[in-house]
Amino acid sequence: TYQPNHKKKEMIEKYKDKLNVMSMDVFSNLCTAAYQNKAILRTMYSMVEAKKYSLDNRATTCFVALETITTIICEENEDEVAPINNKSLAQKIRQELIGIVESYKKDLGDKEVLKGLGIYKIKIENLNSPTNKDQLFKPFQIMKLELNDEEVQMLNQRNNFLHGRYPIAVTGDKKEIISLFYMTLRIYQMVSKLILKYIGYSGDTVNYIKHYEELLEKKIDEDYFVRI
């Protein structure tokens, strides 16, 4: 909120024109998206609820939210995400590979056929699906959101958080707490940007990472507002 007597008055004066209200059309898009797609509703709800959790659980919740919104965008833009855009060619390759697997039936026992070939077929059917890494990065390209180096680094932490391998120890050490808080802010902001672009928003958003610069004890070479 704009306050004329704010302690950072010069900064406020510089950026006050960037404060704007979301248009009714975009807000309607937000409500419609949440109503029609329960996964989007859960994502937004979990982001709000995450603020109540401990930092480690908050970071994990934000990564789950990121996984959800990126999956939605990938599924709705399948042609842009698939390794092979030509669907008929991709299907032909899958059928040929399944044929090769089937040709080895006679060399396997009954149990191996049921277990081994079944697993192979499942993997082949999903052959034209993006990797977990691509599924995280591609949505930002689709939404025309450029990632900075810090955001790329955060995305590369995906596996650690979703599989319970925290990249830093959670021991109560001040530096560790600040690092975890920073990571949470980064992922939270990335999810927010994806959701805003998804509903058609275009404009400036508050960069809370920059606003928390003193608390983070880290120089944030970014603007106080992020243009999306």
Side-chain angles (χ1 to χ4, degrees), residues 1-51 58-59 61-77 80-81 135-155 181-216 218-228:
T1 302
Y2 174 56
Q3 298 177 6
N5 296 321
H6 194 282
K7 65 179 181 179
K8 294 184 178 180
K9 184 176 179 180
E10 291 183 5
M11 185 269 286
I12 293 295
E13 288 294 334
K14 179 180 178 181
Y15 291 102
K16 67 178 182 180
D17 291 337
K18 289 183 177 290
L19 299 175
N20 51 44
V21 178
M22 180 183 289
S23 71
M24 287 302 298
D25 287 341
V26 174
F27 182 70
S28 177
N29 292 342
L30 177 66
C31 295
T32 300
Y35 178 76
Q36 293 181 344
N37 192 325
K38 299 306 179 186
I40 292 178
L41 178 61
R42 286 197 305 272
T43 299
M44 293 191 292
Y45 180 76
S46 64
M47 293 286 283
V48 173
E49 288 292 297
K51 296 179 180 180
R58 191 183 307 176
T61 299
C62 288
F63 267 102
V64 172
L66 178 66
E67 190 90 0
T68 303
I69 188 63
T70 53
T71 298
I72 291 170
I73 295 172
C74 283
E75 289 176 348
E76 293 183 3
N77 297 272
E80 295 187 50
V81 176
Q135 188 160 297
L136 284 182
F137 281 86
K138 281 284 187 179
F140 290 93
Q141 297 176 19
I142 294 169
M143 294 288 111
K144 294 180 172 54
L145 289 169
E146 186 175 348
L147 295 169
N148 60 37
D149 292 341
E150 291 291 318
E151 290 171 329
V152 170
Q153 185 178 344
M154 291 302 108
L155 288 182
F181 180 51
Y182 172 73
M183 295 178 73
T184 302
L185 286 175
R186 277 287 176 201
I187 298 301
Y188 188 95
Q189 180 168 282
M190 292 167 74
V191 175
S192 298
K193 289 195 292 186
L194 281 175
I195 292 174
L196 287 170
K197 286 291 283 186
Y198 181 83
I199 63 172
Y201 176 80
S202 179
D204 295 294
T205 62
V206 177
N207 184 358
Y208 287 105
I209 301 165
K210 180 66 175 178
H211 282 272
Y212 280 110
E213 188 173 35
E214 292 182 14
L215 179 61
L216 293 170
K218 177 176 181 176
K219 176 64 177 175
I220 307 297
D221 191 21
E222 298 174 15
D223 207 346
Y224 283 96
F225 283 80
V226 177
R227 186 78 179 177
I228 64 172

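The basis for the numbers below is simple: all heavy atoms, side chains too, and nothing from hydrogens, waters or symmetry mates.
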Report task. Check Ala50 against Thr61 and note the closest heavy-atom contact, atom names and distance. Result ->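 In this case the closest contact between Ala50 and Thr61 is CB-CG2, 3.9 Å.
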
Query raised in the report: Knowing that exactly one of Leu194, Ile228, Thr70, Ile69 qualifies, which makes a side-chain contact (heavy atoms from CB on, under 4.5 Å) with Met143?
Result: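 Among the candidates, only Leu194 passes.
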
A side-chain contact here means heavy atoms from C-beta on lying under 4.5 Å apart; do [X] and [Y] qualify?
{"X": "Val191", "Y": "Thr43", "result": "yes"}
{"X": "Phe225", "Y": "Val206", "result": "yes"}
{"X": "Asn77", "Y": "Lys138", "result": "no"}
{"X": "Val48", "Y": "Tyr45", "result": "no"}
{"X": "Ile142", "Y": "Glu76", "result": "no"}
{"X": "Phe140", "Y": "Val152", "result": "no"}
{"X": "Asn207", "Y": "Gln189", "result": "yes"}
{"X": "Gln141", "Y": "Leu147", "result": "no"}

To the nearest 0.5 angstrom, please state how far the [atom1] atom of [X] sits from the [atom2] atom of [Y].
{"X": "Lys219", "Y": "Glu222", "atom1": "NZ", "atom2": "CD", "answer": "10.5 Å"}
{"X": "Thr184", "Y": "Ile209", "atom1": "OG1", "atom2": "CD1", "answer": "10.5 Å"}
{"X": "Gln36", "Y": "Leu41", "atom1": "CD", "atom2": "CG", "answer": "12.0 Å"}
{"X": "Leu66", "Y": "Ser46", "atom1": "CG", "atom2": "OG", "answer": "10.5 Å"}
{"X": "Phe63", "Y": "Met183", "atom1": "CZ", "atom2": "CE", "answer": "5.5 Å"}
{"X": "Cys62", "Y": "Lys51", "atom1": "SG", "atom2": "NZ", "answer": "10.0 Å"}

Check for a donor-acceptor pair, side chain of [X] on one end and backbone N or O of [Y] on the other, with a separation under 3.5 Å.
{"X": "Asn37", "Y": "Ala33", "value": "no"}
{"X": "Thr68", "Y": "Val64", "value": "yes"}
{"X": "Glu213", "Y": "Ile220", "value": "yes"}
{"X": "Tyr198", "Y": "Tyr201", "value": "no"}

Query raised in the report: Given the rule in the side-chain contact (heavy atoms from CB on, under 4.5 Å) test, do Val81 and Gln135 qualify, once you have shown the distances and angles that lead to the verdict?
Result: CA-CA 8 Å; Val81 176; Gln135 188 160 297; 5.9 Å; no

Report task. Name all pairs fulfilling the salt bridge (Lys or Arg N to Asp or Glu O under 4.0 Å) condition that reach into residues 24-50, sequence neighbours left out, sorted by first residue then second. Result ->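 Every pair satisfying salt bridge (Lys or Arg N to Asp or Glu O under 4.0 Å) with a residue in residues 24-50: Glu49-Lys52.
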
Report task. Not counting sequence neighbours, which residues clear salt bridge (charged side-chain N to carboxylate O under 4.0 Å, His left out) with Lys193? List them please. Result ->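 Here the qualifying residues are Glu151.
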
Requested in this report: Verify side-chain contact (heavy atoms from CB on, under 4.5 Å) between Leu185 and Leu216, making sure each step is shown before the conclusion.
Outcome: CA-CA 10 Å; Leu185 286 175; Leu216 293 170; 4.2 Å; yes

Query raised in the report: Would you call Lys210-Glu150 a salt bridge at under 4.0 Å N-O?
Result: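 Salt bridge between Lys210 and Glu150, a charged N being under 4.0 Å from a carboxylate O: no.
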
**Report entry** side-chain contact (heavy atoms from CB on, under 4.5 Å) evaluation trace for Met190 with Leu145
**Finding:** CA-CA 9 Å; Met190 292 167 74; Leu145 289 169; over 6 Å; no

Requested in this report: Might you confirm whether atom CZ of Phe137 has over 12 heavy atoms from other residues, nucleotides or ligands at distances under 6.0 Å?
Outcome: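 Above 12, so yes.
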
Requested in this report: Evaluate the side-chain contact (heavy atoms from CB on, under 4.5 Å) criterion for residues Leu30 and Phe27: first the C-alpha distance (whole Å), next the side-chain angles of each, then the deciding distance (0.1 Å), finally the verdict.
Outcome: CA-CA 5 Å; Leu30 177 66; Phe27 182 70; 4.3 Å; yes

Query - Residues Tyr208, Tyr188; criterion ring-ring contact (aromatic ring centres under 6.0 Å, His included); working and verdict - result: CA-CA 10 Å; Tyr208 287 105; Tyr188 188 95; 7.9 Å; no

